[in-house]
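Scroll down for the structure; my scribbles are underneath it.
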2 protein chains.
Amino acid sequence: MPNIRLVGTMTPAVEDYLKTIFLLSTRGEAVTTSALARELHVSSPSVSAMMKRLSDGRLVERETGVHLTAQGEREALRVVRRHRLLETFLARVLGMPWDEVHVEAELLEHALSERLEARIDAALGHPTRDPHGDPIPPAAGAHDESWGRSLAGTPAGSRFRVERVSDRDSDALRYLGEKGVRPGVVLEVGEQEPYGGSCRVLLGGEPLALGQVLTHLVFGTVVEGDA
Amino acid sequence: MPNIRLVGTMTPAVEDYLKTIFLLSTRGEAVTTSALARELHVSSPSVSAMMKRLSDGRLVERETGVHLTAQGEREALRVVRRHRLLETFLARVLGMPWDEVHVEAELLEHALSERLEARIDAALGHPTRDPHGDPIPPAAGAHDESWGRSLAGTPAGSRFRVERVSDRDSDALRYLGEKGVRPGVVLEVGEQEPYGGSCRVLLGGEPLALGQVLTHLVFGTVVEGDA
DNA sequence: GCCGGATGTTAGGCACGTCTAATTCATCCG
DNA sequence: CGGATGAATTAGACGTGCCTAACATCCGGC
């Protein structure tokens with residue numbers, strides 16, 4: 001009577017793959033072998049081999065690209081929850097700047113016990129957003145990972161409330177933080193200068209020019225009321 | 001021009017071995033293959049293989065038993081420092097009971113970056129003792145790991161100040177914590193009941209009976225002044 | 001002096017996670 | 001249509017860290 005699940009599931013590597021599949025999906029990108037290889041900084045054959053393992057373990061299914069099974073998504077959400085709780089903790093309790101918390105959380109997320117996770121969650125008052133505005137999946141129950149609209153392409157004249165800032169580019173994140181662009185602030189969107197130029201915005205009345213790289217990292221909603 | 005050091009040093013496993021060698025040494029126990037196998041819950045051949053690797057990497061030397069080279073001890077102290085800083089942090093900041101912090105720190109100690117270590121150290125005000133009274137090795141400089149004397153064998157009539165309580169037995173630790181036996185308290189040592197009986201002590205005037213297992217876990221010094 | 005137990009090593013094997021090189025396959029373009 | 005291009009897989013290998021089984025060695029007691 002050999003074991004059903006092919007040896008030991010949920011290693012750090014498995015967690016990283018599941019998390020990355022989940023995040024690629026919610027960003028609306030195709031979850032392909034090469035996309036995963038790019039994101040995880042491994043070779044394509046490594047991804048192929050891991051997809052075989054995850055597929056055998058009923059954590060993913062493979063049709064066009066890859067997608068998580070219900071169980072795979074559960075596990076992915078557990079990792080994302082730990083990651084974002086840790087980011088929140090590092091920022092709020094240790095005062096770590098928001099452009100540093102991501103890489104630290106990447107290291108710690110695989111070593112966080114349920115007991116400690118629960119204690120951190122309680123100490124923070126059960127937060128629902130991490131420092132970048134990313135929603136923290138609840139320990140149990142539904143999770144909404146929607147991104148809102150990008151600041152890029154938001155028409156001039158809009159009032160735009162920042163809700164999330166992507167943590168993918170640490171340098172850009174630090175720059176935006178220095179300029180005061182963080183979840184909760186409202187931008188008055190001005191001209192988009194043509195041919196790849198800056199987007200002019202007002203932040204608390206102060207003018208600010210945001211390059212294209214930056215406007216594609218800022219997400220939120222258009223709010224009522226004019227400038 | 002091939003690499004001098006034999007492939008990738010300082011994996012989590014290597015850190016665990018170095019830490020265990022260090023702690024066995026400072027407890028005055030012989031650092032043998034079988035002792036390491038017992039402590040690390042691995043087989044003797046696993047230890048043999050790892051000793052080969054550590055020896056090739058100039059982290060240990062093998063004569064009678066095993067002992068750390070200067071570099072091996074440096075690395076071991078780095079791990080012990082991270083471990084004890086984490087224990088202190090978990091206890092002080094998250095209110096985790098002292099019988100739980102050890103296992104959590106075991107998980108986290110391999111995932112702690114220097115940056116986060118420094119931040120935790122600063123947030124705690126550069127502590128020198130962890131919750132069990134174990135000294136925290138400084139980031140640089142000499143370290144004293146001496147244990148003082150054991151409560152077991154301390155003569156009746158002594159006033160004994162507790163300095164360290166071994167974290168090896170988590171249940172015993174919880175029990176001692178409930179009874180108020182922790183670093184800093186002074187015990188008035190009473191009768192040692194014969195044939196493996198309890199040691200009678202007074203703690204803040206209250207009588208307390210400590211079984212042999214417990215008295216061997218409590219370390220400190222005899223202080224002046226009578227009961 | 002020899003036998004038995006403890007201690008330690010060698011031999012061989014395996015899961016994990018990665019790599020490079022070669023292959024397959026589809027697609028797109030000329 | 002046919003070749004280049006890119007995506008994905010297969011094949012083969014390697015380091016890490018663990019295991020069991022077998023062998024070696026040493027030491028104490030009878």
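Throughout, protein chains are lettered first and strands after them, A, B, ... in sequence-line order, and every chain is numbered starting at 1. All heavy atoms count here, side chains included; hydrogens, waters and symmetry mates do not.
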Whole-Å distance separating the [atom1] atom of [X] from the [atom2] atom of [N]:
{"X": "A/Leu36", "N": "C/dT18", "atom1": "CG", "atom2": "P", "value": "12 Å"}
{"X": "B/Met50", "N": "C/dT10", "atom1": "CE", "atom2": "P", "value": "16 Å"}
{"X": "B/Arg62", "N": "C/dG8", "atom1": "CZ", "atom2": "C1'", "value": "9 Å"}
{"X": "B/Glu29", "N": "C/dT7", "atom1": "CD", "atom2": "C1'", "value": "17 Å"}
{"X": "B/Met10", "N": "D/dT16", "atom1": "CE", "atom2": "C1'", "value": "15 Å"}
{"X": "B/Glu63", "N": "C/dG8", "atom1": "CD", "atom2": "P", "value": "15 Å"}
{"X": "A/Leu40", "N": "C/dT18", "atom1": "CG", "atom2": "P", "value": "8 Å"}
{"X": "B/Arg38", "N": "C/dG8", "atom1": "CZ", "atom2": "C1'", "value": "14 Å"}

Looking at [X], I'd like to know whether one of its side-chain N or O atoms comes within less than 4.0 Å of OP1 or OP2 on [N].
{"X": "A/Ser44", "N": "D/dA8", "value": "no"}
{"X": "B/Ser48", "N": "C/dT9", "value": "yes"}
{"X": "A/Ser46", "N": "C/dC19", "value": "yes"}
{"X": "A/Tyr17", "N": "C/dC16", "value": "no"}

Between C/dT18, D/dA8, C/dC16, which nucleotide gets closest to the side-chain atoms of A/Thr11?
-> C/dC16
Identify which nucleotide among C/dT9, C/dT20, C/dT18 has an atom closest to any side-chain atom of A/Pro45, counting heavy atoms from C-beta outward.
-> C/dT20
Looking across every strand, which nucleic acid part, if any, lies under 4.0 Å from A/Ser43 by heavy atom: base, sugar-phosphate, or nothing?
-> base
How would you label the contact of A/Ser34 with the nucleic acid (heavy atoms, under 4.0 Å): base, sugar-phosphate, or nothing?
-> sugar-phosphate
Look at the rings of A/Trp98 and A/His132 and say which category their plane angle falls in: under 30° parallel, 30 to 60° tilted, over 60° perpendicular.
-> parallel
Between the side chains of B/Glu61 and B/Ser55, does any donor sit under 3.5 Å from an acceptor?
-> no
Donor on one side chain, acceptor on other, B/His102 and B/Glu106, under 3.5 Å = yes
NZ/NE/NH1/NH2 to OD/OE distance under 4.0 Å, B/Glu104 and A/Arg119 = no
Should B/Glu87 and B/Arg84 be marked as a salt bridge (Lys or Arg N to Asp or Glu O under 4.0 Å) after you check the CA-CA gap, both sets of side-chain angles, and the distance that decides it?
-> CA-CA 5 Å; B/Glu87 286 186 337; B/Arg84 292 181 181 167; 5.5 Å; no
